[in-house]
Amino acid sequence: MSIQLKHLTKKYEGSDTPVLENVSAHIEDNEFFAIVGPSGCGKSTLLRMIAGIIPISSGSLYLNGEVANDLAPKDRKLSMVFQSYALYPFLSVFDNIAFGLKARKQPKDLIKQRVDKALALVNLTDHRDRKPKDLSGGQRQRVALARAIANESKICLMDEPLSNLDAQLRAKMRIELKELQQKLGLTVIYVTHDQVEAMTMADHVMVLNHHHVQQIDTPLGVYQHPSNEFVASFFGTPQINLINAQYQNGSLKMDEDFIMDTDDALIEGHQYKVGIRPNQLQINSDVNNGNAQVVNVSQLGDRTMVEARLKNEQEVRIVLDGQVDIRPQQFIQIEGANGYFIFDADDRSLVSVKKGALTNA
Amino acid sequence: MLKSFDNKALEELNDSNASENERAKKGLKKRSDFGYAVLFLGPSLLLLGVFVFYPMIKTLYMSLFLTNNFGQTTIFVGLKNYTSLLTSASFLASLSSTFIYVIGVMVLTIVLGLALAVFANQKLKGIQFFRTIFSSTMGVSVSVAAIFFLFVFNPTTGLLNQMAGLLHLPQLNWMTDPNLAMITVIVSTVWMNLGFTFLVLFGALQAVPRSLYDAADIEGASKSYQLFKITIPMISPSLFFVGIVTLIGAFKSFGLIDLMTAGGPNNATNLLVYRIYQDAFLNGNYSQASTESIVLTIIIAVMTIIQFKVLEKRVNY
Amino acid sequence: MNKRLWITSIIGVIVLAVFGVFFSAHSNADQSAQSNQRIKIIFWHEMTGPGADQIQQFADNFNKKQTKYEVVPEYEGSYNQAIQKVLQTHGTNASPALFQSMDVSTGQMRNANITTPVQKFIDEDKYDMDKIMPAARAFYSKDGQQLSMPFNTSQPTLFYNKAVFKKYGVKDLPTDPSYDDIKNAAKEITDKSKGAVKGVTVDAYGWYFEEFMANSGQTLANMDDGHDGFPTKVDFTNQATVNAMNWLQEMNKNGSFISFGSGSTSASNEIASFLSGKLGIMLQSSASMGQLEAAAKPGDLGVTYYPRPNGQKSNGVAIGGASLWISNDKDSATQRGAWEFIKYLMQPENQAQWQKATGYIALNKDSQTEPVLKELYKQHPEAQVPSNQLARTKPNATNSGILMEGLVQMRTITQNAMQQIYAGRNVNDALKDAENQFNSYLAQHNKANGYSNK
Amino acid sequence: MDIANSSQRIGKHKFKISNFLQYLLLIILALIVIGPFLLGLWTSFLPTSSITKGSLAGSLTFDNYVTAVQTTPVLRYLLNSFIVSIIRTVGEVLLCSMAAYAFVFLKFKGRNFIFYLFLATMMLPFEAEVIPNFMTVKSMNLLNTYSVMIIPFLTSAFGTFMLRQSFLQIPTDLKEESDVEGLSHFQFYWHVVLPYSKITLLTLAAYSFLSSWNEYLWPMLTTFSDQYRTVQAGLRQMQSTETFNNWGMIMASAVIVVIPTLIILFVGQHFFKSGLNDGSVK
C-alpha cells in the first residue's frame with residue numbers, strides 16, 4: 001500500500017493563510033514514515049487529511065495509486081491511533097477493539113478471532129473485560145493500538161501515540177511499535193513532535209514547519225544534511241549550536257577569538273550561521289585565557305555537557321565524552337569542529353556541509 | 001484572581017489586634033462552629049421547616065381526617081381516604097392519564113431535545129443563531145406558552161385547523177376531543193421543555209471528544225451507528241438527568257392544564273396536580289386533596305431517589 | 001465579567017423602562033386616590049367580557065358620584081374559584097368587602113356564616129324590596145330574610161339561528177318548544193344541509209342538567225331540594241332526567257347533535273360556530289344575549305323558552321347567575337359602603353343598562369320603562385323572552401334552586417356524565433355512576449361539616 | 001455527532017447541496033421551535049377582527065400594544081414580577097450560599113443529619129403542600145402581598161445542593177490559610193467563597209429568576225388583586241376575561257411579557273449550558 005501526496009493544501013474558509021501548503025511526498029509500502037515538526041506546524045492536519053477526517057482543499061492524495069481525495073474515511077482502508085487514544089469509556093477493552101468490526105457488521109466469530117489476536121499482540125489478553133478507566137496509560141495506549149491492528153488495514157496512521165506516556169515507557173513502546181510494524185507489514189504514517197521518535201523509528205522523515213515541508217529524507221539524511229537551519233536545530237540533542245558569524249577573508253568570524261578558516265566561496269562581509277553539533281566541537285580546557293568562559297557544567301555520566309560563553313556573549317554547548325573536569329567560570333579554548341554546517345543568515349538555507357574537516361580556529 | 005481577594009481580606013485584618021489573631025489560631029485546634037452554624041443555616045432551616053416539613057406533616061395529618069368547608073379537620077377516618085381514593089374510578093383514570101401524559105412528555109422531550117442538540121452540534125456558519133433559537137423556549141413562561149398554543153389549536157381560528165382547511169384536510173376538535181386534548185397538552189408541554197433539554201444535552205454533546213467520532217469514521221461506523229453507539233452512551237448521564245427532571249416536572253404540571261383544558265374534556269387531562277387544586281380550591285375537599293398530595297409526594301420521592309441513586313453512580317461508566 | 005455587566009445593564013434598563021412607563025401612566029390615578037381618604041370597597045366579581053367592562057363602568061361612575069367610598073372591582077376567575085377564595089380569605093386583609101357569588105353557592109354561603117345579610121341594611125334604610133323581581137330575590141332569601149342581593153340574573157334560554165332555519169326551509173321554533181320540536185328541527189337542518197350545518201348542541205353543563213329536572217318539576221336532591229333541610233341524597237336516575245338524557249343521546253345518534261365539550265372554551269367555540277351559521281340550535285344562558293345580538297344580523301336571532309318534556313307543561317326553570325354578598329369581616333363603615341354600592345347597582349337605569357350590556361335580566365321592575373330597555377326591545381323583540389320566561393314562572397321547590405353544598409362537585413360529576421352520554425354510554429349507567437359518586441361525596445361532606453337533620 | 005464533516009468529505013459540488021439540506025433542516029426545526037412564538041408575534045400586530053375571522057393577513061399595527069398597555073394592568077404585572085423575582089433571586093442566592101457554606105466549611109454536630117434533611121426536601125413537591133402552606137400564609141395575614149410570593153421561596157434545597165457542590169471544589173488550602181491568617185467565617189465566606197464560585201452563583205441566580213418568573217400556581221392562589229398579581233397570574237386573568245373578545249391584545253400582552261425572560265435567557269445562555277450540566281450531572 002503506497003501513499004502519494006501531491007501538492008496537498010489545506011485552507012480553512014475565511015482564512016487567508018493555509019494551514020498546509022503544497023505538501024508532496026511518496027510513501028512506500030511497508031514504510032515507517034514520520035511527520036515531525038513543532039506544535040502548530042500542521043502535521044496533525046496532514047494526517048487527518050490522509051485519514052479523510054478533514055477535506056483536502058487542493059492537491060491530490062493517492063492511496064495505492066488511486067485518487068482518494070473524495071473517499072470517505074471508512075473506505076480508505078486504514079486505521080488510526082489517536083493521541084488521546086479515543087477509547088470509548090463505556091465499553092470494555094474487548095468491545096473497544098471490536099467497535100469498528102461490529103460497525104462493519106462482521107460475523108461474530110471473525111470479530112472474536114481478530115480481537116483476540118490483537119489482544120495477544122499487545123499483551124492485553126488478561127484485561128479484555130476491563131473498562132478503559134481501570135487501565136494504566138500504557139495499557140490504554142495498547143488498546144488503541146490493538147484497535148488499529150484488529151482493523152487489519154495495511155495503513156496505520158498514528159497521531160503522537162506515545163506523547164501521553166512517561167519517558168521510560170515511551171522508550172519501550174518505541175521498540176514495540178517498530179517491531180509490530182515490521183511483523184504486520186504495516187505502512188505507518190507517524191506524527192510526532194519528538195525528534196527522537198522520528199529518528200529511532202522512521203524509515204523516512206518529513207519535517208514540517210510553518211505549514212511547509214522543510215525536508216523529506218532518511219533520519220540520517222536529515223541529521224547529516226539538514227536542508228536548513230530549522231531542520232538542523234530540530235534534530236539532535238543537545239541542540240545544535242547556531243553561531244552567528246561573518247565571512248571575512250576566507251574565515252568565518254564568530255568572535256574576535258573564535259575564527260574558523262573555510263575553503264568555501266562565501267560572500268565577503270556577509271552574515272552566516274555556523275551550525276556545529278555540540279559533540280563535534282573540540283576544546284582545550286587547559287588554558288589560562290581561552291576564547292570562551294564556562295557558564296555551566298552538567299555531568300551526564302558517560303558524557304559531560306559544557307555551556308560556555310564567547311566573548312561577544314554568544315553561547316555555545318559542548319558535549320565531551322567521559323567525565324571531564326571543567327568548572328564554571330573557567331576559561332576554555334574552543335579550537336575547532338569535526339564537522340559543521342554553514343547556513344545563510346538571511347534565508348536560513350544550507351550553504352555548505354563540512355564533514356570531518358578539522359579546522360583550526 | 002484569588003490573591004486580590006486575599007489581600008483585601010488581609011487589609012481589613014491589619015486593623016484587628018493580635019489577640020484576635022490569637023483567638024483564631026486557638027479556634028483551629030478546637031473548632032466549635034455551632035454558633036456560626038446557627039447563623040448560616042438558621043434562616044434556611046427555619047424556612048424549610050415552616051414551608052416544607054411542617055406542611056408535609058400537616059398534609060399527612062389532614063389525609064387521615066375529614067375536613068370541613070374551612071379546611072379544618074373534623075373526623076378521624078384513618079386510611080379510609082386512601083382506600084376510597086385508590087378505589088375511585090375517577091382518581092384511577094386521573095392517575096392513568098397522568099402517566100400517559102408524563103411518559104408522552106418525557107419521551108418526546110428527550111427525542112426532540114436530542115435531535116435539536118445533535119443538529120445544533122455541527123460546524124456551520126451561523127449555527128450559533130440556531131442554537132439560540134433552540135434554547136429560546138426556556139425563556140417562555142407557562143402562561144405565554146398557553147396563550148400561543150390556545151391560538152395554534154383553536155378550533156376555528158387556530159393555525160392548525162386553518163392550515164387543514166386550506167389543504168382540505170379534516171379540521172379536528174383539538175381541545176374538545178379527549179384524546180386530542182391530551183395530545184395538545186403534551187405537545188405544548190414538550191415545546192416548553194425543549195429549551196432546557198436542548199441546553200443540557202447540547203452542553204453534554206460538546207463535551208464528547210471529537211476524536212471518538214474521528215476514530216469511528218475511520219473504522220467505518222455510519223452516522224446513525226455513531227449516534228447510538230457513541231453519542232448516546234457518552235451523554236447518558238445528561239440524558240438521564242433531563243429525563244428524570246422532565247418526568248418529575250411533568251408529574252407536577254399544572255399551569256398548562258389550568259390554562260388550556262382545565263382538566264377537561266371529560267376529565268381527560270385532569271392530571272394529578274390539577275386534581276389536587278380542583279379538590280382543594282374549587283371543591284373545598286381538603287382531606288381528599290391532601291390524600292392525593294401524599295400520593296403525588298410518594299411518586300415524586302421515588303423518582304427523586306432513583307435520580308440520586310443513579311446519578312451517584314454517574315450512569316454509564 | 002463582561003457577560004455579567006451585560007446582564008446587569010440589560011436587566012437594569014428593562015426595570016427602569018417598566019417603572020418609568022408604569023408610573024407615568026398611573027401617577028395621576030395614584031395621586032387622586034391619595035389626596036382624599038376614601039373607604040376602599042374591594043368588590044370581587046366573576047364577570048368577563050362586557051359584564052366586566054360594565055361593572056368597571058358602574059364602579060367608576062359610583063366613585064365619581066360621591067367622595068366617601070372607593071369601589072375597586074377585582075375579577076376573581078370563575079364562579080367555582082371565587083367561592084373558595086371567599087371562604088379561604090375570610091378574616092384576612094385580602095378578603096373583599098363585597099363579593100359576587102353564584103346561585104348554587106347560596107346554601108354554602110349561608111352555612112359558612114361569613115356575611116352580613118343584606119336584610120340588615122334593607123331594614124336600616126327601609127329599602128323597598130318590592131321593586132326587585134320576586135323570583136330573583138326569593139332565590140337568595142331564607143325564612144323571610146334577604147341574605148344577598150340578586151344581581152346578575154339569567155335564565156337558561158334556547159337560541160336558534162333563524163337565518164339557517166330559513167335557508168333550509170325549516171319552520172321557526174315555538175316559544176315554548178318540547179324536546180321533540182327541537183329534535184325534529186335539528187334533524188331537518190342536518191339532513192337538508194347534508195351535515196354541513198349541525199342541528200343542535202347542548203353544552204355539557206351541570207346547570208342545564210339541573211334545569212331539565214326543574215322544568216320537569218322533578219326534585220334533584222331530597223329535603224325538597226334543600227329547602228327543608230340539609231339534603232342527604234340526590235336522585236339522577238329519575239324518569240325525568242333519563243328522558244332528557246335519552247333525548248340528547250338520540251339526537252347525538254342520529255347525527256344532528258354536536259358536542260363542544262365542557263367549560264368556558266366550549267361555550268365560546270359554540271357561540272362562534274352558531275354565529276358563523278354552522279350550528280342551528282343551542283342552549284345558552286340569557287347572559288349571552290348581549291354578545292349574540294351584537295354579532296347577529298337583526299332578525300336572525302331566535303330565542304325561546306327552555307325545552308320542556310314532550311306532552312308536559314313546563315314547570316319553569318330556576319334562575320341562574322349570582323348575587324351580591326357583604327362580608328362580615330370588615331368594619332361597619334366599609335359594610336355600609338358596600339351596601340351603598342349595591343343600592344346604586346340596583347337603580348332602575350343601571351339595571352336597564354346592565355341588561356342591555358350583558359343580557360342579564362334587569363331586576364328592578366322600574367327598569368322596564370327605562371328608555372335604554374325600550375329601545376332594546378324595539379330593536380330586538382327577542383331580548384324580552386328570558387324576562388317573560390322568568391315572569392311566568394311560579395316559584396316552587398323544584399324551580400327555586402337547590403340549597404345544597406358541594407354543587408361545584410356535583411356539576412363536575414353531572415357534566416362528566418353528560419359527556420359520557422354524548423359519547424354513547426348507556427344513559428342509566430352513566431347516571432347511576434354519577435349519582436353514587438355524588439351521594440358518597442355528600443355523605444362524607446355532611447359528616448365532615450357536622451350537618452345533620454334533626 | 002458531526003454531520004458537517006461527513007458531508008464535507010464528499011467532494012466540493014455535493015458538499016454545497018448537502019450543506020443546503022442541512023440548513024433547510026435547521027430552518028425547519030427552528031421554525032417548529034419558534035413557530036408558536038412567531039405566530040403570536042405576528043397576530044399581536046393584527047387587528048382582532050382579522051384574527052377572529054381566521055385570517056392571518058391584514059394591516060399591521062401597534063394598536064394591540066397600545067390597548068394592552070392602556071387598558072390592562074400588564075405593565076403592573078411586569079413590575080410585580082420584577083419585584084418578586086429580583087428579591088427572591090437575591091434572597092435565594094444569599095441564603096442558599098450561607099447554608100452551603102455551613103455544610104462545607106463549618107464543623108458541628110448533626111451536620112450530616114441536617115444535610116440529609118435538606119436533601120430530603122427535594123423529594124417533597126411544593127405542589128403537594130399548597131394546602132397547609134396556604135393556611136400558614138393566611139394565618140400570617142400575608143395573602144395578597146409581595147411577601148407571600150417571596151418568603152416561602154427564599155431558600156431551596158436545590159440551590160443549597162448546587163452551591164455545596166461548587167464550594168467543595170474550593171481548595172482546602174485556602175480555608176487553612178485563611179484560618180492561619182485569622183479570617184472569620186464571615187470574611188472567608190464573603191471574600192473568598194463567594195467570589196470563587198461566582199459562575200455557579202450566577203447560574204443559580206439566573207435559574208432562580210426564571211423559575212420565580214414562571215411560578216404559576218402559588219401566585220394564582222395567593223393574590224387577589226392586580227396590585228400584586230405577577231405576569232403568570234395576570235395573564236391567566238386577562239386570558240379568561242378576554243379570550244373571545246380580543247385575541248390581538250392578549251397576544252400583544254403575551255409578547256410584552258415574554259421579552260424580558262427571553263433577553264435574560266439569551267444573555268445568560270452560555271453559562272446556563274455549562275452551569276446546568278455541572279450543577280446537575282457532576
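Side chains are part of it too, since the values below use all heavy atoms of this structure and drop only hydrogens, waters and symmetry mates.
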**Student:** Under the side-chain contact (heavy atoms from CB on, under 4.5 Å) rule, what do D:M123 and B:T297 come out as? Steps first, then yes or no, please.
**Tutor:** CA-CA 7 Å; D:M123 305 191 298; B:T297 307; over 6 Å; no
**Student:** Give, for atom CD1 of B:I147 and atom OG of D:S44, the distance between the pair rounded to the nearest 0.5 Å.
**Tutor:**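 Atom-to-atom, B:I147:CD1 and D:S44:OG are 11.5 Å apart.
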**Student:** For the interface with chain D, which of B:L48, B:L272, B:I248 has the highest count of heavy-atom pairs at distances below 4.5 Å?
**Tutor:**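 Of B:L48, B:L272, B:I248, B:L48 has the most heavy-atom pairs under 4.5 Å with chain D.
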**Student:** I need the residue from D:E129, D:M220, D:M135, D:E215 with the largest number of non-hydrogen atom pairs under 4.5 Å to chain B.
**Tutor:** D:E129
**Student:** Could you tell me the separation between the CG atom of D:L26 and the CD1 atom of B:I127, rounded to the nearest 0.5 Å?
**Tutor:** 4.5 Å
**Student:** With a 4.5 angstrom heavy-atom cut-off, could you sort out which part of B:Y286 is near chain D: side chain, backbone, both or neither?
**Tutor:** both
**Student:** Identify which part of B:V142 has an atom lying under 4.5 Å from any heavy atom of chain D, answering side chain, backbone, both or neither.
**Tutor:** both
**Student:** I'd like to verify something: which residue of B:L39, B:L296, B:V52 has the highest number of heavy-atom pairs under 4.5 Å with chain D?
**Tutor:**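 If we count pairs closer than 4.5 Å to chain D, B:V52 comes out on top.
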**Student:** Which one wins on heavy-atom pair count under 4.5 Å against chain B: D:V257, D:L262, D:N133, D:N214?
**Tutor:**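 The option with the most such pairs is D:N133.
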**Student:** Quick one: CG on D:L29 to CG on B:L112, what's the gap to the nearest 0.5 Å?
**Tutor:**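 Result: 8.5 Å between the selected atoms.
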**Student:** Can you tell me which portion of B:S290 sits under 4.5 Å from chain D's heavy atoms? Options are side chain, backbone, both or neither.
**Tutor:** both
**Student:** Less than 4.5 Å apart, any side-chain heavy atom of B:Y277 and any of D:V130?
**Tutor:**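 Of all side-chain heavy-atom pairs linking D:V130 with B:Y277, none is under 4.5 Å.
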**Student:** Would you say that D:L39 contacts B:F151 through its side chain, given a criterion of any heavy-atom pair below 4.5 Å between the two side chains?
**Tutor:** yes
**Student:** Using distance alone, with no hydrogens and no angle criterion, decide if D:Y216 and B:D258 have a side-chain donor and acceptor under 3.5 Å apart.
**Tutor:**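 There is such a pair (donor and acceptor under 3.5 Å, judged by atom type) between the side chains of D:Y216 and B:D258.
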**Student:** If I measure from the heavy atoms of chain B, does D:I151 come under 4.5 Å with its side chain, its backbone, both, or neither?
**Tutor:**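 Both backbone and side chain.
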**Student:** Mind ranking B:A216, B:S293, B:G126 by heavy-atom pairs under 4.5 Å with chain D and telling me who comes out on top?
**Tutor:** B:S293
**Student:** Once you measure the plane-to-plane angle for D:Y207 and B:F196, does it fall in the parallel (<30°), tilted (30-60°) or perpendicular (>60°) bin?
**Tutor:**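 The arrangement is tilted - the two ring planes meet at 30° to 60°.
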**Student:** Please flag which part of B:L194 lies under 4.5 Å from any non-hydrogen atom of chain D: side chain, backbone, both or neither.
**Tutor:** side chain
**Student:** For side-chain contact (heavy atoms from CB on, under 4.5 Å), just list the numbers for D:Q232 and B:L259, CA-CA rounded to whole Å, side-chain angles, deciding distance to a tenth of an Å, and then say yes or no.
**Tutor:** CA-CA 10 Å; D:Q232 306 306 322; B:L259 288 161; over 6 Å; no
**Student:** Side chain, backbone, both or neither: which part of D:V137 has an atom under 4.5 Å from a heavy atom of chain B?
**Tutor:**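 The side chain, not the backbone.
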**Student:** Less than 4.5 Å to any heavy atom of chain B: does that hold for the side chain of D:F188, its backbone, both, or neither?
**Tutor:**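 Looking at D:F188, nothing touches chain B.
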**Student:** Which heavy-atom pair separates B:F148 from D:G40 by the least distance, and what is that distance?
**Tutor:** CE2-CA, 3.7 Å
**Student:** In terms of heavy-atom proximity below 4.5 Å to chain B, should D:L117 be classed as side chain, backbone, both, or neither?
**Tutor:** both
**Student:** Determine the option with the most heavy-atom pairs under 4.5 angstrom with chain D, choosing from B:M303, B:M62, B:K58, B:M56.
**Tutor:**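 Sorted descending by pairs with chain D, the first entry is B:M56.
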**Student:** For D:L119 and B:T304: C-alpha separation, side-chain torsions, deciding distance, then whether side-chain contact (heavy atoms from CB on, under 4.5 Å) applies.
**Tutor:** CA-CA 10 Å; D:L119 278 191; B:T304 316; over 6 Å; no
**Student:** Do B:K125 and D:Y23 touch side chain to side chain, with heavy atoms closer than 4.5 Å?
**Tutor:**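 Yes, close enough: below the 4.5 Å cut-off.
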**Student:** So do B:S141 and D:V258 actually touch side chain to side chain, heavy atoms under 4.5 Å?
**Tutor:** no
**Student:** Taking all non-hydrogen atoms of both residues, which atom of B:Y54 and which atom of D:T136 are closest, and how far apart?
**Tutor:** CE2-OG1, 3.7 Å
**Student:** Taking the side chain as C-beta and beyond, is there a heavy-atom pair between B:P43 and D:T155 under 4.5 Å?
**Tutor:**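 Answer no - side chains too far apart.
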**Student:** Less than 4.5 Å apart, any side-chain heavy atom of B:S143 and any of D:V231?
**Tutor:** no
**Student:** Less than 4.5 Å to any heavy atom of chain D: does that hold for the side chain of B:F70, its backbone, both, or neither?
**Tutor:**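 Backbone only.
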**Student:** Is it the backbone or the side chain of B:V295 that comes under 4.5 Å from a heavy atom of chain D, or both, or neither?
**Tutor:** neither
**Student:** Nearest 0.5 Å, what's the CG-CZ distance between D:L124 and B:F53?
**Tutor:** 6.5 Å
**Student:** At their closest point, which heavy atom of B:G139 faces which heavy atom of D:T261, and how far apart are they?
**Tutor:** O-OG1, 2.6 Å
**Student:** Indicate yes or no: at least one non-hydrogen side-chain atom of B:V144 is less than 4.5 angstrom from one of D:F37.
**Tutor:** no
**Student:** Given the rule in the side-chain contact (heavy atoms from CB on, under 4.5 Å) test, do B:M138 and D:L210 qualify, once you have shown the distances and angles that lead to the verdict?
**Tutor:** CA-CA 9 Å; B:M138 192 176 168; D:L210 281 186; 4.2 Å; yes
**Student:** Quick one: are B:S44 and D:F118 in side-chain contact, heavy atoms under 4.5 Å?
**Tutor:**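 Side-chain contact under 4.5 Å: yes.
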**Student:** Would you say the ring centers of D:F108 and B:Y36 fall short of 6.0 Å from each other?
**Tutor:** no
**Student:** Taking all atoms of both residues into account, what is the closest heavy-atom pair of D:V33 and B:W191, and its distance?
**Tutor:**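 Of all heavy-atom pairs spanning D:V33 and B:W191, the closest is O-NE1, 2.5 Å.
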**Student:** Please work out which of the three classes, parallel, tilted or perpendicular, describes the rings of B:F40 and D:Y189, given edges at 30° and 60°.
**Tutor:**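 Perpendicular: the ring planes of D:Y189 and B:F40 meet at over 60°.
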**Student:** Quick check for you: among D:F103, D:F186, D:F126, D:F134, which has the greatest number of heavy-atom pairs under 4.5 Å with chain B?
**Tutor:**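 So the answer, after comparing D:F103, D:F186, D:F126, D:F134, is D:F186.
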**Student:** By a 4.5 Å heavy-atom criterion (distance strictly below it), what part of D:I27 contacts chain B: side chain, backbone, both, or neither?
**Tutor:**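 The answer is both parts of D:I27.
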**Student:** So which part of B:F134 gets closer than 4.5 Å to some heavy atom of chain D, the side chain, the backbone, both or neither?
**Tutor:**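 Contact with chain D involves both backbone and side-chain atoms of B:F134.
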**Student:** So how far is it from D:I114 CD1 to B:L45 CG, rounded to the nearest 0.5 Å?
**Tutor:**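 Taking CD1 in D:I114 and CG in B:L45, the distance rounds to 5.5 Å.
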